[in-house]
Structure formats: structure tokens, C-alpha cells
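Just below is one structure, and these are the notes that go with it.
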Amino acid sequence: MEIIGAAKKVTIYLGESDRWGQKPLYMAILEMLKSEDCAGATVTRGLAGFGAHSRIKTARIVDLSSDLPLTIEWVDDPARVARLMPRLVEMVAEGLVTCQDVEVVTYSHRELRVLRASTPVHDIMSREVQSVTPDTSVADAVEILIGKPYRALPVVDEGRHVLGILTDGDLLERLGLPAASIQRELTRAELQHQFDALRAGKLVVRDLMAAPVVTLADETPVSEAVRLMTERGIKRLPVVDSKDRLVGLVSRLDVLRALAQPAGQALPERAVVSGSHSLVGEIMLTDAPTTLANMPLNDVVDQLVSAGQRRVVVVDADRRVVGIITDGDLLQRSTENERPDLLHSLAARLSPDMRAKLNLARRVAADVMTRNPVTTTPDTPLVDALRLLLSHKIKRLPVVDADGRLVGIVGRGEILSTLAQDV
């Protein structure tokens with residue numbers, strides 16, 4: 001897995017002779033962490049120390065049956081640490097467990113690994129899945145999604161059977177739109193009414209979720225997951241166990257992260273990776289929507305609505321990249337008064353004439369753009385472009401020539417489709 005930025009560091013202090021069943025406790029802990037797709041852990045053997053029983057333990061040669069102190073350090077995503085901590089505490093019956101906030105500056109891998117087409121999705125799926133029920137208020141769902149790395153919430157019943165899914169896209173496209181209004185333009189009063197309903201918690205997930213939803217059994221091969229995602233144009237699929245209970249979520253980002261992990265032993269089977277030597281210039285989209293930094297924000301909204309990538313590259317007069325604007329940038333940097341109109345405009349429910357009347361305080365593209373975005377070049381290998389996307393936690397990269405002029409754009413979807421083209 002890949003982590004950059006805020007993380008948790010767990011330190012476990014235990015004894016060399018501590019056991020878990022028939023195994024040394026430290027080895028049982030390592031095996032548990034590895035089976036849960038954790039980022040990594042290290043065991044260190046001490047020269048001497050004492051713990052709760054105040055017995056000093058040393059590594060003197062005369063102590064043939066010494067019980068030396070051990071420490072295990074584990075750094076990982078905060079959500080994964082929270083999920084596994086109860087199991088860890090259960091295993092460490094005698095010892096000390098500490099947890100602290102850390103910042104991961106870099107987490108590097110070697111070359112692109114060969115991922116077997118037959119690898120089951122439970123080996124690469126995300127297990128830290130936040131879910132909601134059909135009766136969860138949309139206001140609560142929005143609170144769960146805001147500021148989180150995930151963009152989808154599986155909807156489950158009391159037995160954790162998957163009934164549907166709610167994504168941030170659903171919120172944009174369906175939020176507060178009664179069936180009778182789909183074929184007509186909403187008035188300002190109706191827009192305000194729907195947002196008042198959202199804030200009051202009157203809208204529930206059942207009103208907005210996509211259902212039914214395609215699910216995968218946890219033993220489904222990765223190749224089948226990739227096929228479904230590419231053929232249906234979807235980014236993620238809920239994963240269920242043999243009793244159809246939600247156990248995880250697999251996304252194309254999970255597949256890309258798995259491909260970016262260190263290579264293991266040589267694998268004779270047909271692999272997911274086939275286009276690992278392709279270059280960005282061979283697959284990039286050349287019709288990237290652009291705007292100038294002084295473009296009125298109303299016009300930027302127009303471009304975002306019509307752009308399939310839901311992002312606009314900001315360039316100067318010579319087409320050199322100076323920024324990028326996504327729908328997320330707009331919403332994050334808009335005021336409370338602007339946000340209702342922006343949501344519905346991004347959902348393409350307002351006509352161009354109504355979008356021209358949005359109250360955006362005469363602001364321009366430069367006011368909301370992300371400055372100096374990460375870029376790549378046409379001759380960059382897909383492997384390196386993939387690493388850039390993962391390390392910076394972004395979905396698309398503007399592609400520039402040797403003079404920094406925009407020539408295209410490339411994203412996770414194009415890279416995954418190419419890497420998996422022969423699956």
C-alpha cells in the first residue's frame with residue numbers, strides 16, 4: 001500500500017519469549033499485519049531492558065535462555081491503525097503499546113511489480129471501508145465524505161449486505177432534485193429549499209444512492225475487477241464475502257497501488273501488467289480544456305460542466321501551465337453563499353444563462369486554482385507517471401513539452417486501461 005502525509009506510528013514493547021498460540025508473539029503480530037495489507041513493520045531486538053515486572057533482561061553470554069526485550073515499529077494509515085488496534089491489544093496481553101502522529105515524507109518502492117491476473121481482489125482491496133445505511137441522513141453522509149481520501153460510501157443493511165452505493169458524484173448529480181424537476185429548470189427558491197432540507201437532515205441516503213450496484217466476491221481475480229471497471233467506466237466496486245456481507249472496496253487506485261509495490265518472485269502466470277513500457281505521449285488526451293488565469297469564474301464553471309475530466313488547466317498566453325482547477329477546488333474555495341449554486345451548476349442542472357447569473361463575486365480562475373501543479377512529459381514512462389499520481393494523491397497530470405507548454409493530459413483511467421489492456 002502507499003502512504004504519504006499524515007500517518008500513525010505504533011510501537012509495541014514485548015518480550016522475546018512471549019507467545020501467541022504456538023508462535024512467538026512478535027512473529028504472529030507481523031503475520032497479522034502483513035495479512036491485513038499494512039504498510040510495513042520492523043522488529044528490533046534489545047541488548048537489555050526491564051518492564052512492568054522490573055526484571056532486568058540482558059544479552060550476556062551466560063544467560064543461555066535470555067528473554068530479551070523486543071520492539072515492533074509499525075507506521076500506517078490512521079484508519080487502518082484504528083481498525084487493527086483492538087486485535088493488537090488483544091494479542092499483547094503483557095507489554096506496552098504506544099501510538100503517535102507522524103508525517104510520512106516518502107515511501108518509495110522499486111520497479112513496477114508483476115501482478116498476476118489470478119490474484120484475488122481481497123489481496124489488494126481496501127478494508128477500511130466506511131459504510132452507511134439507507135436511512136442515514138445525507139447531511140451525515142456529506143460530513144463523512146468531506147476531507148476524506150475515499151469518495152464512495154457503500155450502503156448496507158443491518159447484516160452488512162450491500163444495497164447500493166453513494167459517491168461524491170451522486171451528491172453533485174442528484175442532490176435535492178425531485179423527480180418532477182428533472183426535465184425543467186429549478187428556480188432559485190427551489191434550490192434554496194433543497195439545501196435547507198439537506199441541512200435539516202430531511203434527505204436520506206436512500207434518496208440519492210445508486211442501486212442496484214455491482215459487487216465482487218472476495219476471491220474474484222483482479223483481472224475480472226479490472227475488466228468490469230474499464231468496460232463499465234466505474235472507479236470502484238464493493239467486495240463481499242461468501243455470505244454477501246461487505247468486507248472491502250476495490251478501486252482502480254487499489255490496482256494501481258498494487259502495481260507500484262515492490263516486485264516479488266518471478267511469476268509465470270499471465271500478468272495484469274502488459275503496457276509497462278508505454279510512454280505518456282502514446283495514451284494522453286490531447287484535448288485538455290484550458291482557461292486563462294484572468295478568466296471570470298462563471299466561464300470556468302461552464303468549462304468544468306462540459307469537460308469530461310471535471311478539471312480545467314490554467315495556462316498563460318503561451319500555453320505554459322500555471323495552475324489547474326477541479327470541481328473540488330471550486331467547492332473547497334467557494335463561500336457558503338456560492339456553494340449551493342455551484343453544486344447544482346456542476347451537476348449540469350442549470351442552463352448556461354442561469355450559470356452566467358451565479359453570484360461568484362466577480363472572481364477569476366486565479367482565485368480558486370491550484371498553483372504550480374505537478375506535470376509530466378510525453379516521453380515519461382507510464383510507470384513513472386503512475387508513481388507521480390500516487391505520491392501526490394492526484395488523479396490527472398497535465399502533459400507539457402520541453403518548453404512547459406501544455407500538449408495533453410493523462411490520468412489514472414488511461415494508465416490502468418493501458419497497463420491492463422491484455423487482461
Side-chain angles (χ1 to χ4, degrees), residues 1-7 37 39 77 104-115 124-126 148-152 167-169 222 225-226 229-230 233-236 249-263 272-286 288-289 307-314 321 323-329 332 369-400 404 406-421:
M1 73 153 284
E2 174 267 340
I3 46 170
I4 297 291
D37 191 33
D77 176 78
V104 176
V105 177
T106 182
Y107 182 51
S108 302
H109 300 299
R110 298 189 293 276
E111 72 275 14
L112 199 70
R113 87 172 189 179
V114 176
L115 183 64
I124 68 167
M125 70 183 185
S126 299
K148 302 297 191 302
Y150 44 83
R151 294 290 179 265
T167 69
D168 53 358
V222 169
V226 171
M229 285 188 281
T230 54
I234 53 181
K235 300 177 182 179
R236 57 191 69 83
L249 198 68
V250 64
S251 68
R252 61 190 191 189
L253 178 58
D254 292 319
V255 177
L256 293 173
R257 280 176 173 167
L259 293 175
Q261 288 179 5
V272 169
V273 176
S274 61
S276 58
H277 300 296
S278 299
L279 302 179
V280 166
E282 299 171 15
I283 68 167
M284 69 182 185
L285 303 176
T286 57
Q309 297 93 4
R310 284 297 173 94
R311 63 206 66 229
V312 174
V313 183
V314 185
V321 176
I324 194 168
I325 301 173
T326 68
D327 50 7
D329 292 329
Q332 182 179 353
M369 72 181 184
T370 296
R371 299 176 183 274
N372 303 316
V374 180
T375 62
T376 189
T377 61
D379 57 354
T380 299
L382 291 192
V383 174
D384 294 336
L386 169 58
R387 291 194 180 109
L388 279 175
L389 288 167
L390 294 177
S391 63
H392 291 278
K393 297 184 178 180
I394 53 180
K395 295 181 179 180
R396 291 187 177 273
L397 291 167
V399 185
V400 299
L406 182 72
V407 294
I409 194 166
V410 67
R412 296 174 185 172
E414 292 83 29
I415 293 177
L416 179 59
S417 296
T418 302
L419 294 178
Q421 61 189 350

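Because the structure is predicted, anything quoted here is derived from the model rather than measured.
- Across L279 and P378, no two heavy atoms sit closer than the pair CB-O, 3.6 Å.
- Taking all atoms of both residues into account, the shortest heavy-atom contact from A7 to V104 is CB-CG2, 3.6 Å.
- Residues passing the side chain to side chain donor-acceptor pair (under 3.5 Å) test with T375: none are found, sequence neighbours excluded.
- A side-chain contact (heavy atoms from CB on, under 4.5 Å) with L397 holds for exactly one of V374, T380, T377; it is V374.
- The CD1 atom of I234 lies 11.0 Å from the OG atom of S251; values are rounded to the nearest 0.5 Å.
- Between L389 and G411 the shortest heavy-atom distance is CD1-C, 4.2 Å.
- By the side chain to side chain contact (heavy atoms under 4.5 Å, CB included) test, I283 pairs with L382, V410, E414, I415, T418, sequence neighbours left out.
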Side chain to side chain contact (heavy atoms under 4.5 Å, CB included) between R311 and I409, intermediate numbers included: CA-CA 10 Å; R311 63 206 66 229; I409 194 166; 4.2 Å; yes
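- Interatomic distance, NZ of K235 versus OG1 of T167, reported as 8.5 Å (0.5 Å rounding).
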Item checked: Full working for side chain to side chain contact (heavy atoms under 4.5 Å, CB included) between R396 and I324 -> CA-CA 10 Å; R396 291 187 177 273; I324 194 168; 5.7 Å; no
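- Of all non-hydrogen atoms in P373 and G323, the two that sit nearest each other are CD-CA, 3.5 Å.
- Atom OG1 in T286 sits 10.0 Å away from atom CG in L406 (nearest 0.5 Å).
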